[in-house]
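A short worksheet on the structure shown next.
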Amino acid sequence: MNFDFSDEQKQMRDAARKFLTEKCPPKAVREVLDGKAPYDKELWKGLAEMGFLGVAIPEQFGGAGAGHLELCVIAEEMGRANAPVPFSSTVYLAAEALLLAGSDAQKQKWLPKIASGEAIGTLALFEGKGNPSPKAIKLQASGGTLNGVKKPVPDGAIADFAIVAARTGSTGRDSDISLFLVDLKAGGIEAKPLTSIDPTRGQAELTFTKAKAEPLGAAGEGWSILTQVLDRAAVLLAFEQVGGSDRALEMGRDYALDRIAFGRPIGSFQAVKHMLADMYVSATLARSNCYYGAWALSTNASELPEAAAAARISATQAFQHCSKNNIQVHGGMGFTWEFDCHMYYRRANATALTLGSLSYWEDQLIDRMRKKNAA
Amino acid sequence: MNFDDTPQEAAFRTEAKAWIQANAPKQYEEELRKSSLGRTVLKGANILEVAKAWQKKKADAGWACLHWPKEYGGRGASPIERVIWQQEEGPFGKLSGMFIIGHGMCGPTMMAYAGEEQKRKYLPPLASGEKIWCQLFSEPAGGSDVAGLRTRAEKKGDDWIINGQKIWTSGAHYSDYGILLTRTDPNVPKHKGLTMFFLDMKSPGVEVRPIKQASGQSDFNEVYFTDVKIPDSQRLGAVNDGWNVSLTTLMNERMSIGAGVSTGFPELFEFCNSLMLEDGPAIEDRSVRSRLANYAVKASGLRYTSMRAISALSKGERPGPENSIGKLVAGSMVQEVAMYALDLQGAAGVLSGPEDAEVAGKFQAMLLRAPGTRVEGGTDEIMRNIIAERVLGLPGDIRVDKDVPFNQIPTKGRT
């Protein structure tokens, strides 16, 4: 058994960490947080040059052709750095959907642009409140055009193209849903940036009015493809969440060692020590669930649906737990704008909702475990 | 990243599997599989006898104490081979409960500190389960604070005379030998005046009194020493160096990873899958699903954490303090799981008789045993201290008695 990343994969993680420490300090994250830019363009360019955007994209489509384990280690570092770039929407959602269901022409057109940083992509799934569900999709597709509204769409205001889930039937079955690929720079689309709890990754409302769209994957296969895309993105995003958990834990630990109160470092008080120990526990359980998810993702194992849900739940809980208690360890300083704690707290709680809420994934996990049990 | 054995590991696994298949006491397999924390019952059989017979069979064929040297009754196997054995032994491993302390702690301490002749005399029967050992450390005045113990050992000629009391001694009532930590010098700070011995539990002056636990069972004992004589040749390590000797013992605890800790989750999942509530199957209920999912990811998180540790082990790395996580998480989880399983049963959850209670009272037994697992071998709080101090590098707790001679440490309340 070798339930660990290889030395080469660890080297890649080190390289990514070094790069992000240098190019994505908290100061850079704040530029986006403060609304001075919609995302960090320099960092995006740098990530492309490092080959990180196309790490799991095959060489024939302009990527590095490394694989998904490699993408997992990069994702962890993106989360650690709280990188203010549309990485998750472009790489985990759009690129994965293209890889799974795109035609050769679609792949040839968009994947090289993703790898080179020229195109930002996203997935337009939600229509207001609620979790992923075929019933919630009202946006209509007919005659090669789309009509309807999607929100929230992650990075929707800066994206060049979107994979859009639309209704193409009225049988009441999952097969009513199909996916479309839409060039957002063409006509018929209005993008409105929305205010969110985490401005370092934007949200938008996209209104489609007779917008031209090309099918992605077979008609009626949309929901089945989406489920796979969400599972794959769940594992990748979970690695980001684990990276963020670790960083929040580290910040709390460092502060507890540094800050003196009542004549001793606050980290010597058992109440604080135990809080940090519990953060370590949740981050470790999440990491282990993520490793299993990474294995399932990289081998395309039949265990992927269950592993993805477990990684997603565990990592969501860990990031929320670590980021909120990091603020608690910091005391009054923790909830000031000046300290970085709130950036991780924002990201943790925004990420917890992006692919469907925690309770949605809990429900999914039990469903999948039951199916496996019955099989 | 993979779950595959190396060719050597695979060969070892095949051999172990075949031997277990041919030799294990299969008639008890089903009952062992169903047994959970607080409830190992073999109908119509004496579990001590069954366990001893299985251990002896393993020892005769070279499958006992795999990581011990051959001359002391082991196999000289690698740590990863030991893990593979535990995986393959499966439910039959539950029969090893009464040997864990002897094999995990007493044996390694004897190996490190006893004379060669003693090792050859005492270790093989310990490995084969013919002799059972216990560990006499904790006292009423020294539980988590082990070094606060008061049992005295005084030198008289070539012997030591022991007086005092131990408590929480697992298995003392069926043990043949024990390792014993005593105070030999009360005039120095507490860690510096301790000495370790081993002794025959049948020695005159040793009195074992089982403690009835909250669960109604008696796994632990009080042990009283009245003028018990131990020859100096049974001293382990130097006089007053007992603290360091005991650390060797405790460090060996960490090597016992891989067997998997009991979380109660598989039992709960199975229960919810079959339980009917008023409104329909429990598993269809949203709140049940949410609770189950939360326990599921803790259980899988622990499982894969242990696999990561096994991977490190197979690369030759030694397990570190991060492995404290297993006991910490599983301990409180098993308690929560038991409480939740009873909650789902409503008013009838209060019943524990095997005829009247759901699944023969499995969760009721778990509930009453669970508090103990959060305390034995180090409380949740001690586990958190270990993680905070040794993994995260936070400062140690302030120990006001560290440099105070033991006989000047206040013993009660405010001073």
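Below, read A as the first sequence line, B as the second, and so on, with proteins coming before strands; counting in each chain starts at 1.
- Centroid-to-centroid, the aromatic rings of Y304(B) and Y292(A) come within less than 6.0 Å.
- Aromatic rings from F12(B) and W63(B) are positioned such that their centres are separated by under 6.0 Å.
- Ion pairing between a basic and an acidic side chain is recognised when a charged N comes within 4.0 Å of a carboxylate O; E250(A) and R253(A) show no such pairing.
- Contact annotation for D380(B): neither backbone nor side-chain heavy atoms come within less than 4.5 Å of a heavy atom of chain A.
- Neither the backbone nor the side chain of L358(A) comes within contact range of chain B; no heavy atoms are under 4.5 Å apart.
- Proximity to chain B (any heavy atom under 4.5 Å) is shown, for M369(A), by both the backbone and the side chain.
- Both the backbone and the side chain of L276(A) come within contact range of chain B, judged by heavy atoms closer than 4.5 Å.
- Here R289(B) is the residue among E389(B), R289(B), E381(B) with the most heavy-atom pairs under 4.5 Å with chain A.
- Checking R13(B) against Q87(B) by side-chain atom types alone, a donor-acceptor pair falls below 3.5 Å.
- Ring pair F5(A)/Y291(A): centre-to-centre distance below 6.0 Å.
- Taking a cutoff of 4.0 Å between a charged side-chain nitrogen and a carboxylate oxygen, R33(B) and E270(B) do not qualify as a salt bridge.
- Using a 4.5 Å cut-off between heavy atoms, K315(B) contacts chain A through its side chain alone, with no backbone atom that close.
- Interface remark: of the candidates T6(B), N273(B), N294(B), I80(B), N294(B) forms the most heavy-atom pairs closer than 4.5 Å to chain A.
- Of the atoms belonging to Q9(A), not a single heavy atom falls under 4.5 Å from chain B.
- There is no contact between V288(B) and chain A, counting heavy-atom distances below 4.5 Å.
- Heavy-atom distances place the backbone of D4(B), and not its side chain, under 4.5 Å from chain A.
- Heavy atoms of S6(A) lying under 4.5 Å from chain B are absent altogether.
- L328(B) touches chain A through its side chain: at least one heavy atom from C-beta onward sits under 4.5 Å away, while N, CA, C and O do not.
- Residue S290(B) touches chain A through both its backbone and its side chain, counting heavy-atom pairs closer than 4.5 Å.
- Looking at I84(B), neither its backbone nor its side chain comes within 4.5 Å of chain A, counting heavy atoms on both sides.
- No donor-acceptor distance shorter than 3.5 angstrom exists from the side chain of W361(A) to the backbone of A293(B), with no hydrogens or angles considered.
- Interface residue L292(B): backbone and side-chain heavy atoms are both found under 4.5 Å from chain A.
- Using modelled atom types and a 3.5 Å distance limit, the side chains of H274(A) and D278(A) yield no donor-acceptor pair.
- Put simply, of L365(A), D367(A), D363(A), the one with the most heavy-atom pairs under 4.5 Å next to chain B is D363(A).
- Looking at N373(A), only its side chain comes within 4.5 Å of chain B, counting heavy atoms on both sides.
- For the residue pair Y295(B) / R291(B), a side-chain donor-acceptor distance below 3.5 Å is found, with atom types taken as modelled.
- Listed for the K10(A) side chain is no donor-acceptor partner under 3.5 Å among the backbone atoms of V73(A).
- A salt bridge does not link D231(A) with R312(A): every distance from a Lys NZ or Arg NE/NH1/NH2 to an Asp or Glu carboxylate oxygen is 4.0 Å or more.
- With chain A as the partner, the residue from L394(B), D5(B), I387(B) showing the most heavy-atom pairs under 4.5 Å is L394(B).
- Of the atoms belonging to R264(A), it is side-chain heavy atoms, and not backbone ones, that fall under 4.5 Å from chain B.
- For the side-chain hydrogen bond (donor to acceptor under 3.5 Å, both in side chains) criterion with E306(A), the lone passing option out of K372(A), R368(A), Q364(A) is K372(A).
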